[in-house]
Structure formats: C-alpha cells, structure tokens
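Structure first, commentary second.
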Amino acid sequence: MGSAVLTEAITAIRDWSVTEAKDTRFARATETFGSLVFNDAVQQTRLPKPVYHALRRTITLGVPLDNSVADAIASAMKEWAVEHGATHYTHWFQPLTGITAEKHDSFLSPTGDGKAVAEFSGKELIKGEPDASSFPSGGMRSTFEARGYTAWDPTSAPWLLKSGNSTTLVIPTAFVSWTGEALDKKTPLLRSMEALSKQAVRVLRLFGSRAERVVTTCGPEQEYFLIDRYFYLSRPDLINAGRTLFGARPPKGQELEDQYFGSIPDRVMAFMSEVETELYKVGVPVKTRHNEVAPSQYEIAPVFENANVATDHQMMTMETMRRTAPKYGLACLLHEKPFAGVNGSGKHLNWSISDDLGHNLLSPGANPHDNMQFLVFCVAVVRAVNKWQGLLRASIASAGNDHRLGANEAPPAIISVFLGDMLTDIFEQIEKGSARSSKHGGELDTGVLVLPKLPRDAGDRNRTSPFAFTGNKFEFRAVSSNQSIGYPNIALNVAVTESLDYIATELEKATASGKSLEHAVAELLPKVIKEHKRIIFNGNNYAKEWEKEAAKRGLQNLKNTPDALPQLIARDVTGIFEKYKVLNEREVHARYDVMVEMYNKTVNVEGQLMVLMSNRYILPAALEYQKHVAQSVAAVKAAGGRSIEGKKVLDRLTKLIDDFKRRADKLQYALEHEANGDAVKHARHFRDVVIPAMATLRDAGDELELILPHETWPLATYREMLFIK
C-alpha cells in the first residue's frame with residue numbers, strides 16, 4: 001500500500017506541474033483587495049448619507065441602529081450582493097466548537113403570480129434564529145431549549161463567499177441564547193473590548209487626551225503544514241484526529257535547519273498565491289509568507305487590525321487554506337503537533353492597544369524613559385500578566401497544545417514576560433527612584449564596506465518567551481495553531497482591563513488629593529513594578545534552570561490542560577469577568593465545561609483511533625511479514641541449512657508483535673473507563689492513564705515500522721509526507 005500511495009503522489013505532482021502551474025493566473029492585489037467586501041467605500045457609494053452616517057456612528061461610537069436605517073442598509077447590501085451573483089445570505093458565527101457555523105437562506109421569495117423576487121429586510125439582516133441546542137453550551141441550552149439568536153455585528157464588514165458555482169453574502173454575527181447568554185466567542189470579545197476601552201480612556205483623560213475610545217488590535221501569525229493529499233488520505237489518524245498517532249522519525253528531520261526561510265516549492269507557492277488572492281478579495285490584509293522550521297511547515301501573517309475584525313479574518317484565513325489546498329493536491333494541517341519529532345505549529349498573537357486618534361499606546365517613542373503615558377500602559381500589561389497568569393495559561397489550553405508547550409519548540413507552560421534590555425533597564429531605574437535614560441542600539445557595522453551600516457535595536461529578541469514585548473506590541477506566543485484567537489484575546493483584554501482600572505483609580509485618588517500627575521505616577525509605578533517584577537524574565541525559557549527559578553518566584557507551572565482549566569473558574573477570575581460584564585458566572589462555567597468536554601472527546605477519539613489502526617492496519621501487516629519470515633526460515637531449514645539471522649529476525653518480530661498487541665489491548669481497556677458523569681475525573685484519567693498508554697503503544701508501533709518492508713507497511717511514512725513536495 002505504501003508503494004501505491006507514493007506512486008500516486010508523485011504522479012499527482014507531475015500532473016499538477018504540467019497543468020496548474022501553466023494555467024493559473026492572479027490579478028493585481030491592489031485591484032482586487034476588498035472587491036468582495038461591503039466595506040466603507042461601498043457603503044459610502046450605496047447608502048443615503050443619513051443612513052451612512054448613522055451606520056458609522058454605530059461602528060465607531062456604539063450608537064444603536066433604528067429599524068428604518070437597518071432596512072435601508074439591508075436593501076443596499078442585498079442589491080450589491082445580487083449584482084455580484086449572490087443568491088443566498090448567511091449569518092456567520094463562531095460557536096464554542098472552535099470553528100465557524102453558517103446556515104444559508106435564499107434571497108428569493110415567491111410572488112402571487114408564480115414568480116419570485118429578491119428580498120432582504122433589516123429584520124433579516126439584524127437577527128437570525130439558528131438552533132442553539134446542538135452546539136456546545138456547557139449546559140446553558142438543553143435539547144428542549146433550542147432557541148438561539150444571531151445578531152449582526154456592524155463593526156465587521158459583510159463579504160461574499162464564492163464556492164463552486166455559488167455566491168453567498170456572509171454576515172458576521174454574534175450568537176446568543178434566548179436568555180441573552182453568550183454562546184459564542186464574538187459576544188464576549190466585543191464586551192471585553194468595550195470594558196478595556198472604558199478603563200483605558202480613564203487613564204488617557206489623566207494625560208489630557210481627547211480620545212473617546214480605545215481598541216485592542218492584533219495580528220496573528222499562523223503556522224501550518226502542507227502535505228500531499230494522497231498521503232493525507234492514506235492516514236486515518238490525520239483525517240480524523242489531525243495528527244499522526246503512529247510514525248517513526250525519519251533519518252532526516254529538521255536537524256540540518258535547511259527548511260527555515262528556504263526557497264518555497266513551486267506547488268506550495270502556487271497554493272500560497274491563490275490563498276492570498278482569495279483573502280485579498282475579502283479584505284484580509286495578509287502580508288508575510290515563508291518556510292517555517294520543520295519540513296513542510298509554513299507561515300502566513302497579516303498586518304494589525306481591530307481585534308474583533310482580526311479574529312473574524314483569522315477564521316476566514318484558516319477556512320480559505322483548508323478549502324484551497326485540495327486544488328493543488330495538498331492537505332493543510334492546522335493541528336498543533338501533526339508530526340512527532342519535529343516542531344509543532346503555533347499562532348503568535350501580536351497584541352496592542354490604540355486610541356481613536358490613531359496612537360498606539362504601547363509605542364515607546366524615541367526616549368521611553370520620558371514617555372510617561374507609555375510606561376503607565378506598559379506597566380499595566382506587565383501587572384495584568386503576572387496577576388492573571390492562570391487565566392492566560394488556561395485560555396490557550398487544549399489537548400493539542402499540550403503536545404507543544406514546553407517541548408523546546410514553543411514557550412513553556414510557565415507564563416512570563418520578556419521586556420528586553422532597554423525596558424528592563426528602565427523598569428529597574430523606576431523601581432530605584434526615577435528613569436533618567438534609555439539604552440539605544442546605535443549602528444551595526446557589518447565589517448563590509450559595500451554594506452550599509454544598520455540601525456540596531458536597543459535589545460535582542462527572545463523566541464522562547466510566551467509573552468514578549470517586540471517594539472510596540474506584545475506577542476502572546478503560546479497560542480496554538482488550531483484555535484480561535486477569540487478566547488486568548490478575551491483573557492488578555494479582561495486582565496488588562498482590571499489592571500488599567502486599578503491604575504486609573506490610584507492615579508485619580510492621588511491627583512484628587514492635590515498631587516500632580518507626574519508625582520502620582522512616580523509614586524505608583526515603582527510600587528507596581530516591585531510587586532509584579534517576578535513575571536519578567538529575559539533568559540532562555542527552555543532551560544531547566546528557568547523551571548526551578550520560576551518555582552522560586554511563585555509562578556504557576558500548569559503543564560497540561562486538566563491542570564490549567566480550573567483557573568478559568570477560580571473565584572477571582574469569575575469575579576473580574578462579572579465585574580466588567582464580559583461573562584457572567586454561568587457563562588464562565590459553561591466555557592470551562594465545554595473545554596473539559598472537548599479535551600475528553602479529543603483524547604478519546606485519538607485513543608479509539610490508535611486501537612483501530614493497531615488492529616486493522618499495523619497488526620495485519622506485521623503478521624503478514626511474520627508469516628513471510630517464518631516461511632523463509634522454514635524453507636532454509638527444510639533445505640538442510642540454518643537461518644541464524646533469519647531466526648533472530650523472526651524472534652524479535654514475534655516478541656514485538658506480541659508486545660504491540662498487549663499494549664493495544666491495554667489502551668482499549670483504559671478507554672473503557674466510566675466516570676459516572678464526572679468530566680473532571682474523566683479528564684484526569686485520560687491524562688494519567690490513557691495518554692501514557694497511547695505513548696507506549698506508539699513506541700511499539702514505530703519500532704515495527706522500522707522493521708517491516710516499505711511495501712508491507714500500510715501507512716504513509718514521515719520521510720514521504722514531510723519531504724515530497
């Protein structure tokens with residue numbers, strides 16, 4: 001089977017290179033960007049001025065729309081969509097499954113004369129009513145309580161989805177229950193952005209700013225793998241679990257470091273180009289593409305946007321990559337660890353905050369030690385990460401991410417902040433009294449006359465830190481490749497909101513008592529830095545010494561999902577979610593329940609798959625080869641010879657097969673655990689019993705792979721999947 005799959009994959013590559021590479025054409029990005037989006041330019045052209053201005057007030061100030069304005073917008077949106085060939089519309093939302101959901105409805109309505117007309121009202125634009133009982137809800141909805149609503153989010157522009165011969169108007173929406181509780185990731189994200197804006201504006205008012213709103217902005221870097229689709233289809237584990245549950249390490253992995261930033265293969269480049277073109281059309285500002293560290297691993301990254309829009313665009317990016325890959329005979333793998341022994345994939349969440357006047361509040365300026373406003377916001381973030389480290393860790397917890405966190409390829413499970421030499425020096429100066437200088441990098445002389453002298457940054461970067469300051473933003477590097485950035489954004493927003501609230505309150509008290517703002521800041525910042533500096537670490541986060549040092553500092557080391565998730569429902573965490581009206585206690589607990597359930601289901605599916613693959617793929621192949629070797633040994637003996645080495649091979653093979661079968665049976669038994677409805681107990685059983693049983697079974701299976709002939713081994717191998725491009 002292995003040889004047949006390999007032949008088909010090579011044939012597909014050859015056929016693609018003859019046809020696709022020659023026929024593919026791409027339009028200029030500047031001409032197509034946003035062409036399928038009902039964006040501000042289209043709105044200005046198609047909406048009456050009063051309607052347009054009312055919509056802009058809703059988007060920028062949060063002013064509610066009245067029904068007449070909604071009807072006018074819906075009519076213009078429908079006409080625009082129909083002109084582009086749309087026949088249907090959908091309320092596109094992000095339930096707690098971690099992916100997106102949509103239900104398509106036609107614009108057409110029958111008339112009395114047997115014909116039909118295209119209609120779309122403001123009521124249909126603003127509200128939809130999908131079934132709310134079949135999505136994960138953590139107990140907030142039951143089967144007999146099915147009513148749920150989708151609500152149009154006017155801050156994220158509708159776009160057109162072209163798929164096959166169909167065009168659909170896609171309307172970004174929130175998803176709530178009949179009781180008004182959030183069943184999605186967008187609703188609490190928007191609430192958290194409002195909460196942060198309110199507290200940030202309080203701080204800005206103290207500095208004399210005229211800003212009325214503050215938004216969080218982000219740009220997530222998406223890592224992913226591309227492998228040949230024939231190999232993907234030959235692997236039940238990749239199809240059903242997104243990662244390989246068996247697979248011996250190849251002789252060559254990423255040891256030579258020849259993949260990173262290397263030249264991009266033609267077929268991969270064609271895929272990337274089409275993905276970018278399709279994303280440009282729907283307004284997703286992707287900018288960067290390159291080879292990543294592991295073989296067949298790549299990255300795509302956008303420029304910064306409003307965090308809500310960026311979250312929508314991130315989901316659109318993942319969907320577009322998955323949909324486009326088969327056109328080029330490829331499969332796009334977004335799992336955090338699809339291949340053992342090589343780097344997994346993350347989603348580095350670059351995060352910052354900006355006011356409505358266009359100022360990045362985390363931009364240090366030329367002399368950060370003199371930039372008091374920047375220092376206040378920066379210290380607030382550091383305080384937030386230290387105080388709410390458990391929440392941040394839990395926000396990126398999943399069965400998939402457990403495979404990469406702390407595996408010398410990603411940040412460890414210990415949350416810490418990297419500030420760099422310049423900011424660390426300034427913080428130390430502030431703690432001692434006052435900051436009087438900022439380090440500067442100067443110029444870098446390469447020693448080659450023809451090369452220009454380069455401006456050097458004041459400090460190096462740290463790729464091992466889970467939360468690093470990178471010049472004018474923070475990079476949350478522990479986010480996993482397969483998850484929505486919604487919940488990490490929510491967690492960051494809520495943590496920083498509480499911190500800004502604390503700082504604003506302290507400064508307001510001080511200035512109300514007659515102190516100058518400069519005096520108040522000079523008193524507060526040293527105190528906050530001293531209390532929270534334990535979270536700052538600029539060294540190697542992969543080092544064993546750091547784990548010991550972090551324990552001395554009292555930092556949390558939540559190594560796996562069952563350890564991390566209880567942080568979501570800690571009393572103080574629930575308290576801040578409720579205080580800032582982001583999630584009520586029931587909504588918080590619902591998300592915890594969903595994440596525990598998702599962990600259990602993920603590990604259970606993987607365990608069941610391993611048993612299936614063991615008994616229906618690997619074991620039959622091993623027994624067939626055992627039979628072949630036994631027949632060979634018997635034939636030599638019958639001819640009067642002695643097959644000493646053959647007998648050794650047979651003995652080793654027999655022992656391995658017996659051991660492999662015993663381990664498969666042990667895993668099967670472990671999967672039969674009954675928790676009697678206790679999901680937390682079940683999760684601990686999966687962590688402590690099932691996952692170790694899976695690891696030992698894999699060891700035996702991978703050893704068999706190294707013995708069985710290539711034509712006998714039933715699965716595509718690492719050396720094929722990772723290196724045939």
Side-chain angles (χ1 to χ4, degrees), residues 62 93-98 101 132-133 135-142 145 148-151 153 155-156 172-200 215-216 218 307-308 311-312 315 349 351 384-385 387-398 476 479 483-502 561 564-599 679-680:
F93 56 100
Q94 299 170 40
L96 299 180
T97 55
S133 67
F135 291 103
S137 68
M140 288 191 292
R141 294 273 86 186
S142 300
E145 297 174 313
Y149 300 119
T150 49
D153 171 18
T155 65
S156 185
T173 61
F175 180 41
V176 297
S177 71
W178 179 77
T179 59
E181 291 168 311
L183 296 173
D184 66 341
K185 305 203 172 183
K186 178 183 282 286
T187 303
L189 175 58
L190 290 170
R191 292 172 182 169
S192 71
M193 293 175 68
E194 288 291 335
L196 186 143
S197 176
K198 181 178 179 181
Q199 303 306 324
V215 296
T216 54
C218 67
N308 175 50
T311 301
D312 286 353
M315 302 305 291
L349 178 60
W351 180 94
V385 176
K387 185 170 183 181
W388 305 106
Q389 56 187 279
L391 169 61
L392 297 181
R393 169 64 181 93
S395 74
I396 47 92
S398 68
F476 193 9
V479 181
Q483 75 173 121
S484 164
I485 61 172
Y487 207 68
N489 260 317
I490 294 165
L492 265 173
N493 290 350
V494 172
V496 175
T497 295
E498 186 278 332
S499 202
L500 289 172
D501 185 4
Y502 167 79
T561 298
L565 289 183
Q567 296 293 318
L568 292 178
I569 53 173
R571 182 175 297 179
D572 54 349
V573 170
T574 303
I576 60 166
F577 272 111
E578 289 197 304
K579 178 179 180 180
Y580 300 109
K581 296 180 171 56
V582 175
L583 293 169
N584 63 35
E585 184 176 7
R586 182 172 150 95
E587 290 170 323
V588 172
H589 276 264
R591 278 149 183 80
Y592 166 76
D593 290 340
V594 168
M595 292 175 78
V596 172
E597 182 182 24
M598 195 68 69
Y599 176 85
V680 174

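For the numbers below, each heavy atom of this structure counts, side chains included, while hydrogens, waters and symmetry mates do not.
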Gap between atom CD1 of I569 and atom CZ of R591 - 0.5 Å precision: 14.0 Å
Contacts satisfying salt bridge (Lys or Arg N to Asp or Glu O under 4.0 Å) that involve residues 565-581 (not counting sequence neighbours) are D501-K579
Can you check whether V582 reaches V588 side chain to side chain, under 4.5 Å on heavy atoms? no
Find the distance between CG (L196) and CD1 (I490) and round it off to the nearest 0.5 Å. 13.0 Å
Report yes if the side chains of T187 and R191 come closer than 4.5 Å at any heavy-atom pair, otherwise no. yes
Side-chain contact, heavy-atom cut-off 4.5 Å: N308 with M193? yes
Return the set of residues passing ring-ring contact (aromatic ring centres under 6.0 Å, His included) with Y487 (not counting sequence neighbours), or none when no residue passes. none
Quick one: pull up OG1 in T497 and CZ in F577 and give me the separation to the nearest 0.5 Å. 10.0 Å
Side chain proximity check, L190 to T155, heavy atoms < 4.5 angstrom: yes
Find out whether N489 and T311 are in side-chain contact, i.e. whether some heavy atom of one side chain is under 4.5 Å from a heavy atom of the other. yes
Indicate yes or no: at least one non-hydrogen side-chain atom of Q567 is less than 4.5 angstrom from one of V573. no
Evaluate the side-chain proximity of K186 to D312: yes if any heavy-atom separation is below 4.5 Å, no if none is. yes
Do L392 and L492 touch side chain to side chain, with heavy atoms closer than 4.5 Å? yes
